[in-house]
Every structure is written in C-alpha cells, then in structure tokens.
Amino acid sequence: MSNTPPKMTASHVTVHYGTKRAIDDVSIDIDQDEVVAFIGPSGCGKSTFLRTLNRMNDTVASARVEGDIRLDGHDIYAPDMDVVQLRARVGMVFQKPNPFPKSIYENVAYGPRIHGLAQSKSDMDGIVERSLTRAGLWAEVKDRLSDSGTALSGGQQQRLCIARAIAVDPEVILMDEPCSALDPIATAKIEELIHELRGRYAIAIVTHNMQQAARVSQRTAFFHLGTLVEFGRTSDIFTNPRQERTKDYITGRYG
Amino acid sequence: MPATALLFILVGLSLIGWLTARARAARFKVAGQRFSSLPGHFGWYVALWTIVPPLIFLAIWSTVAPALVTDAVLSTPAAAQLPPPGFDRAAILSEARELGAGRAYGAFHGLARLLAPAYAAAQDRYDWIATAAALLLAFAGGAFAWTRSKPGFAARTRVERIVMGALLAASLIAILTTIGIVLSLVWEAGRFFQVVPVHEFLFGTHWSPQVIDARDPGASLGAVPLFWGTFFIGAVIAMIVAIPFGLMSAIYLTQYAAPRTRRWMKPILEVLAGVPTVVYGYFAALTVAPAVRDLAVAMGISWASSESALAAGLVMGVMIIPFVSSMADDSLAAVPSSMRDGSLAMGATSSETIRKVMLPAALPGVVGGVLLAISRAVGETMIVVMAASGVATLTLNPFASTTTVTRQIVDLLTGEAEFDSPKTLAAFALGLTLFVVTLLLNIVALTVVKKYREAYE
Amino acid sequence: MSKSLVAQLPTGPAEPAQRVPTDWTTGAMQGRIRRRYAAERRFRLMGLAAVTLSAGFLAFLLATMLWQGIGGFTETRVTVPVDLGAAKLAVTPAQLDGRGADLALAGAGLEGIVDTSASRAYGKDGDNLLSGGAWLTVREAIKADPSLLTRRATFDLPVASPIDVAYKGKGAPEAEAMVARLTPRGVLSRSLNTGFLDSADSTDPTRVGIWGAFKGSLLTMLVTLLLAFPIGVLSALYLEEYAPRNRWTDIIEVSINNLAAVPSIIFGLLGLAVFLGTFGLPRSAPIVGGLTLALMTMPVIVIAGRNAIKAVPPSIRDAALGVGASPIQVVFHHVLPLALPGILTGTIIGMARALGETAPLLLIGMRAFIAAPPRGLTDPATVLPVQIFLWSDQVDRGFVEKTSAAIIALLVFLLAMNGLAIYLRNRFETRW
C-alpha cells in the first residue's frame, strides 16, 4: 500500500431498498493503484455497494443511500456533484456483457463522443484503437470494426465493454462479476487484463469466485448479509482470516 | 316463435336425458367396482347425443329450406305470371315471403299478395317436416346413447372426444371467417373486373361513380385518387401527428415518469384509444374541420375546403397516438435494462441513453408498430366518412378536399343502387384492395416485431 | 497464469507513458456539460408535452361533447293556459279509461285546441312556438286527471326546436326575437327531457330519444356476446392447450392474428355479401349486426384468452395430471377457472369496441330511420353509434346537442365497461 491518499473512500454507507436494508454501515477505501475484490455469498450486498460508488443506484427509484462516499476527497452524493462527470470518472463493467447494438467502433466511440473527448476523426480513431488495444481486443477485431458488437463471442463482448469503459479515460473502474457469464478461457483473459490495467486505474471487482479474488486483488472485502465482515490484504483474508464467518465462507462451509 | 319452441323442447329432452342417465349410472356403482366414468359423464353422454344431432340437422336445414320453399312456390300456378328472372322477380318474391311470414302488411306488387299464401303454406309444411325430423333425431340419438350406457362403458372418453371436437370446431371458425372474407371479396370484385378492366381500376386517375357511362364504366372508376387520398390522410398526415406524440409519450411514461404518474397516465391514454371512431368523426367534422378551414382562410387560402384532408388526418393521428405509444412502450420495455445501465454508467444523460442506445435498439419494434398503426389508419372509416370529402381529387395540398377508399366504400354501398351495378361492385374491389394492403402491412409488421423480440430473448 | 492467453498486451502505438486524467474543470468541458443538461431538460419537456397534449386532447374532446351535449338532456318548456272546459271536447269519461283514450282525445281535436291556446296566449305565430309533440303532454295530463276536461289549467309544454336552440344559446334571428319577447314574461323554463331517454328516432329534434338505438345496441351486443364469447374461449383453449404443432394450427393462428387487424369495414362487406347476400337474412336486423360484430370480436377474445391461459403456470397442470385428471378435466377444472378473469377482461374490452363500432353496421343497412324500438332480433333496428352518425348528418340545428348528448350516453357506457375491465385486471392480477 502506498502513502498517497486513497482514490475512493466510503464511510458508514447504508443502503435501503424501500424499507429493506440492503447495506448496513460499510466502510471501505480503494487506493489509486490497487485492485480491491468484494466477495461474499449471493445477496450479501456486494453488488449493491459497488453500484453506490458511481451512483448507479440512482436509477432505482426506491433506493436510498446514506453515509459518505468520496472520490479524491469530494463527496459524490453532494448536490454540486454532477453524476454525468462522476460516471465518466468512475467507469463500470457489468455482470452480463452488454455491448450496444451498434458496430464495435461505435461501441467504443460512444463514451468519448457524448463527453466530447475527441477533437477530430483521427483523434477518435486513436482513442478507439488505444482502448481496444488496452482491452486486449484490437488484434481480434481490427479488421471488422464495423461489425455489430453483439456478434462477438461472450468473452470478446466483455472485453469490448471494458474497452468501452476505458475509452472515456476513467480513474476508477468498477467490475460487477465480470466473468460470471464467461467460460474459463475467456475468464482467464479478463483476469489477465485486470492484471494489466492495475496501476493505471483503481479497480473494484465483485466476484463470487474466491480463487479469482485471490488471483487478481491486493485487498479483499468479505460481505455477509449486508455488512462488511472483514476487509484486509487478500493474502491475510485467504490464509489467516480473523473472523469466524470469513473462515467458514472461504473453506466452503456455506455460500 | 316455433323455432324457439322447438329449441326449448330439444333442450328439455336433453335435460331429461342427462338427469335419467345420470340417475341410472349412479346405480351402476352399487356393484362396488371402480369405473373410469362418473355418473355425470353418462348424463352428458346421453344429453349430447340427444341434442347435437338435431341441432346439426337444423343448421343444415336452415340453409337449404329457403330454396325448397321457393321451389314449392314457383311450382304453384300463380307463379306463372312472374316476370323473367331479374330485379323485379326477386323483389316480388321477397315481398311475398315477408307477407307470408307475417312480417309485412302491405305489398307494392299485387302479385306478391297472390303468392303470399303459397309461401305461407310451403313454409308451414317444411317447418313441420323439420320439427318432426329434429324430434325424431333427438329421440333416436338419446335412445342410442341410453342403450350403450352400461357399467364399464367409457362414457368419459366419449364425452371428452365430443368436447375436443367442439374445441377444434370453434377454432376453425377463424379460418372459416378468413375464407369467407377472401371468397366474398374476390367473388364480387371478380364480377366487377369483368365489367371494368383491372388496370383501368388500379391505374385510372379519374373517379366519379355518380356518373358512370354504361358503355365505358372504367373511365370514371379509376381508383388512383382514392389510393392517394388514403395514403395522404392515413400514412402521412396522421402519422406526422401520431409518431412524435406516441413515441414521446411512451418515452416519457417508461423512462421519466414516476410510477404513480405512469399508473394514472396509461389508463388515460387507453381511454383515448377506447373512444369510438364515430365520436372522433363528429368531433373532426364539428370542431376541427371548421377551425382548420378558418386557419387556411386566415393564411390566405380562400378556397380551403371545410372537408380538408388535414382535419381528418389530424384527428385520425390523435386517435392513433395511444396505439403508437403502446407499441413503442412494448418495444422499449423489450430492450434489456443492461443496455440502459451500460450507457448510464458511462456518464450518458437519460436523453442521450434514450436517443443513442434505447431507440436504435428498439427501432425494429417501433417500425413494426408504426406499420401496424398505418394499417389501422388506412382502414379507419368513420372519421373520413364524417370529416373528409366525397370528392376524389389528386392533390398534395392538405387544405384541399380529399377522399379515401373506406369513405368511398361507404358512399357506394349506402346509396340506392341495386346490388349488381358496377357502382356497388366497385366497393368490393376497393374492399379487396384495402384487405390486401392491410394484410401485407400486418404480415410485414408482425414479422419485423417477432424478429425483434427474438433478438432479445 | 500463462501470458500467452492474452496475445497483445498494452503495446498501442500512441500509448502515453503517464496517464493524463481528463480535466473536467476547464471552461469548455463545463460548458459542454451544461449544454448536455439543457438538452436533457428539453427532451424531457418534450416528453411531458406529448403526454400532456395527448391527455389534453382527450379532455378537450370530452369537454366539448359535455358542453354541447348536456343541454340535450333538458328541454325548454313554455307555460300555456288551456281552457279545456270552454273547448268542450267530445270525450266521455268512459272513453278515457283504457286503450281507447289516446284515439278519443286525438279524434276530438285536442292538438288543435292546444295550438289555438298557444296562439291566443302568445300571438299569431304562437302555435309555431310549440313542439309537434306538445299536445301529447296535455293528453297524458288529461288521462291522469280527467277533471282537467272541465276547467281551465296551465301546462308547461315543450317548445319547438328553433325556440329550444335559441333559448339554450344561439339560434336563428326570428327564434331569438321570440325568446327575447317571452323571457321577460317568465313563461319559459327548462326541465329534464325524459323523452330523450325513453323514445326512439324522430324527424323533430325535440322528440328524438336514444332508447330505440340503445335497445338495438343491446340486442346486437347480446348476439355478439353469445357467439363470440364461447367460440373465442373454446378456440383459445384449443390453441393453447391441445393444438398439435403443425401446419393447420399455424394457419389457424395466422388467421386469428390477421382477423384482429383487418379493418372493421371489411367485416361489413363480409356481412353484406354473406349474411345478406348468400343467407338472405333481413337487412338492418340486430341478428346480422351481431353476427358481423361477433366475427370481429372473436379474434380479440381469442388473443386475450390465450394470454390469460398462458399465464396459468404449468405446475398447476402438472399437479392435476399427477392426480389422474384427464386433459379435458385439467383444463375445465383448473386452467379455465384461473384464466377466467383475464378472459373476461379481454371480452369486455372486445365488447366495448364492438359497442362503439359503426362502419360495418352502415354497410349491412343499420342506418335506416327507425322510429320504434326493435322488439326482436330480426326487427329493423339501429345502434347507438350509427344513431349518432345519422343525427350528425342532420341539418336541423336542434340535432347538434342531441348528437352530443347521445355521444355522452355512449361514452358513459364505454367508460363503465373499460373501467370494469381495468378493475378486473387489477383485482385479479396474480403474480405466480
């Protein structure tokens, strides 16, 4: 861990859906150059928590978020925070690959275009190529950029979605079980990619696969029933958990 | 009333059959063994055998009886005075029939009064034959079923087979209706095309059925102005209103409105769709058309028609709004929410998400919906009957009077012309054209929509 | 983890060595965001405007109809003193008992006496003041109270249509003048027009009523319901539960889907050619209208029925089959009862559509002038929407408010039916 202040800090976050409490008093920070994994049984609130970090919960009418979440020290739920800017700075990759029904090129160009990040056509071409390259997809698609994004295989679609997220040059990337819909080979590629992206972006990844968490992350947070049970170095969590519940989960007692 | 009485007798017999057979079957049980059929099944078995054969007989009979009666009347001496087959003969016969049945009290043709007793007698005779035959069939059927009802007889399977037959028969009615529509349209239109060549009807640009030259009826029955008017009102003006309003309403209700607003607004739009077309027509003629005319006059178009294409098209567009809205609503709902999330997570605003991701994704569904809406607008009748003009003009000016296919069908068929004239037959040719066009639109639209749904399943 | 899995890792040509974050604080970026939000607001406003205008149009339409039509439920009456004692009608009290009374009073010249009384009271064109049916009011009063024959009495009698129109709003100049002359004398009054609800069509707008057309509608709807409902439900059951997947089933499905979208006027042509032409059924009769509308309504019921049946979860069928029920028993004991609310909702919506339908009925001759309500399924009849159409064609200004009033009556019925359907849908909407 570095001495620089954390990229994102969440303190005492509580989320309600209607009257149901989905997240209870969770505090986590994410550093500039690390990958943080959120693990826990399904329904434990790890995805919900992830979605509070770029305010995607705003799209759920009944969701109510309390607590304090800061990006570079600015409260992202403050009235003066612009959610459009926030989401450009905190990108997201979803569980199921969701390319837009447009060409591969347009999928990647979508973000830069709406945010006005490219000054010219060649500028845009550069962004698209750079993003696809970083996502490890360039070699596979460079000859068919005008094909539909939905025509790609599942793993390629997910890397396209990562390229799409990278294209707006975010500072943080949130990944919501990015490999759960993929086969093992595609999963390995994505993990490799996460590895490569580390250092360039702060990354938070939700996964139900503990091996994956162990492989890709530096720190791990274990959620259970909407509470944060344990948060620490990945190596510690997996080899020497402090909490009984964490140990039970990791050894496969439940989950 | 004899028909009703006969029906009551048959139902009564059937009921007796049901009760007695059921009571008898209940005694089968005493034997102490299990049967596949309950007493009720035996009841139904006998009841159905009692009532179904006579009903089938009566249904067939009712289609042949009028011909038999007419034959009997024509063989009487008085019938010799009838004029040769033609309109007069048919008129006299139908008057005589009404008189004979006691539905009319005076007759225009003297001969009809002479023939009436013959009609009454023949009708009476055949009614008795029918009644006797029906009752006989009822008893025979009931007796047959009764003798077969023994312990161990699989009454349930028999009854279920009949029920299954009824289900199949019911669903065949749809095919029958389609065949009926196609045959009647093709048949009558075929007779029309014997008089007027197809190409003159389809490509002729002059339409004035009020003055038909008997030597060359095709010259005044060219339907191009009607096709244009229909297209202009239904597919252009109405859609200019319906598409933006319907689409934006759907977008607002699905993407922006609070759930409570949506719960209120959707039924209101449904009410808009439930208002009868005659009400829209009256509104168009009474309120919109004069307003449109005043507007045109104010704009300096002094000759503007009070039966303009614009008035009819505007109101028709409003009528179609809920339809377009609900189709667009469905299409937008079918776009996976992950697309929406994906775009929002990139920092797109809602409107950017809708315009650049949702709408392109929903486009095939929306286009299919618009095609269905056009098909509906093209077939819409009352608004144009009440607010559009009867004069066929080939014009691009929305303030000019324009007529449509449906309007002309109504005009042609509610006049006083006899049934076989080119004028009435032309209505069927127009109907056939309308049917084919709407059918094609529907097939294309449904295919597009279906493909679209499958893409996201 | 093998490196070979990802063949080409960050080796992009224009790869900057150090990441430069996008600077969102520049004026250009902030201006851009402001513009995007403005576009967002405009778009949202357009949506709101579309919804509001659509709803506004409905409100405007309803308000127009209400404003123009509410007067149709009232009639204007004028107070006329009639001295029946002096007129010495040749009617004996015995004649006033029973059925002969109407004939006796008419034969004794009651109509003339009433007209004369009006002229005496309001000048030489006083008899133009009264509706053609005004003397009938006097006749009914005499029948109720024979002692009127021997004395002088005042009656509130319905006025003629032009006066009625002028009194309610803007009429012809002469009628306006008459009203202006009478109003200060306080002899004009308004009362509920009960005749509008219980009589049939007429050439005199003050004497028309919707009962004839309404009864025609009821009879037609009865035929439609009796045919379309059983056939529609049975078809839906067959297609959803038993039909084998083959070409025939496909043809049936395509037929039904297309019939649901065929323009209604085509059904009118079918009715004209088949029911009137081939089968020789009587013109203008509710039975033919009902048959025609049944063919039109049936596909709607089938489609709604199939959706309702489809919504019944397969587990219920499995459960019933598991205890040894036959396929027919499964459907009639379990599936149908559960699907019934949905089917009924669809049926009501289909019937509401049929009730408002006009065009096909015009073609089968239900546009005749029908002065007496139909007594049976084969009597000449008209229906409410066609009656509206016929009145809307009348030149007489008195018909304008009658048309709107009939529309109000029709809309009340349709709203009630649609409301019932929406209620049923919400009440029985089950989440399995």
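Numbers restart at 1 for each chain; the letters A, B, ... are given by sequence-line order, proteins then strands.
- At most 12 heavy atoms of other shown residues, nucleotides or ligands fall within 6.0 angstrom of atom OH in Tyr423(C).
- Ile252(C) touches chain B through backbone and side chain together, each having a heavy atom under 4.5 Å away.
- Taking 4.5 Å as the limit, every side-chain heavy atom of Pro385(C) sits out of range of all side-chain heavy atoms of Pro276(B).
- When Leu259(C), Leu295(C), Ile388(C) are compared by the number of non-hydrogen pairs under 4.5 Å with chain B, Leu259(C) comes out ahead.
- Neither the backbone nor the side chain of Glu241(C) comes within less than 4.5 Å of any heavy atom of chain B.
- Salt bridge absent: Arg355(B) and Glu40(C) never bring a charged side-chain N and a carboxylate O closer than 4.0 Å.
- Proximity to chain B (any heavy atom under 4.5 Å) is shown, for Leu61(C), by both the backbone and the side chain.
- Ring geometry, Phe57(C) versus Phe60(C): the interplanar angle exceeds 60°, so the pair is classed perpendicular (tilted spans 30 to 60°).
- The part of Ile354(B) that comes within reach of chain C is its side chain, from C-beta onward, which places non-hydrogen atoms under 4.5 angstrom from that chain.
- For a residue to count as touching a neighbouring chain, one of its non-hydrogen atoms must lie under 4.5 Å from one of that chain's; by this rule Leu355(C) does not touch chain B.
- Heavy-atom neighbours of Trp391(C) CH2 from other residues, nucleotides or ligands within 6.0 Å: above the threshold of 12.
- Here the CZ atom belonging to Arg367(C) is positioned 9.5 Å from the OG1 atom belonging to Thr382(C), to the nearest 0.5 angstrom.
- Phe323(B) carries Arg376(B) over the face of its six-membered ring, with the cationic atom under 6.0 Å from the centre and within 45° of the normal.
- When Glu357(C), Arg353(C), Met65(C) are compared by the number of non-hydrogen pairs under 4.5 Å with chain B, Met65(C) comes out ahead.
- Contacts of Ile175(B) with chain C are made by both backbone and side-chain atoms, with heavy-atom separations under 4.5 Å.
- At a 4.5 Å heavy-atom cutoff, the contact between Thr349(B) and chain C is made by backbone and side-chain atoms alike.
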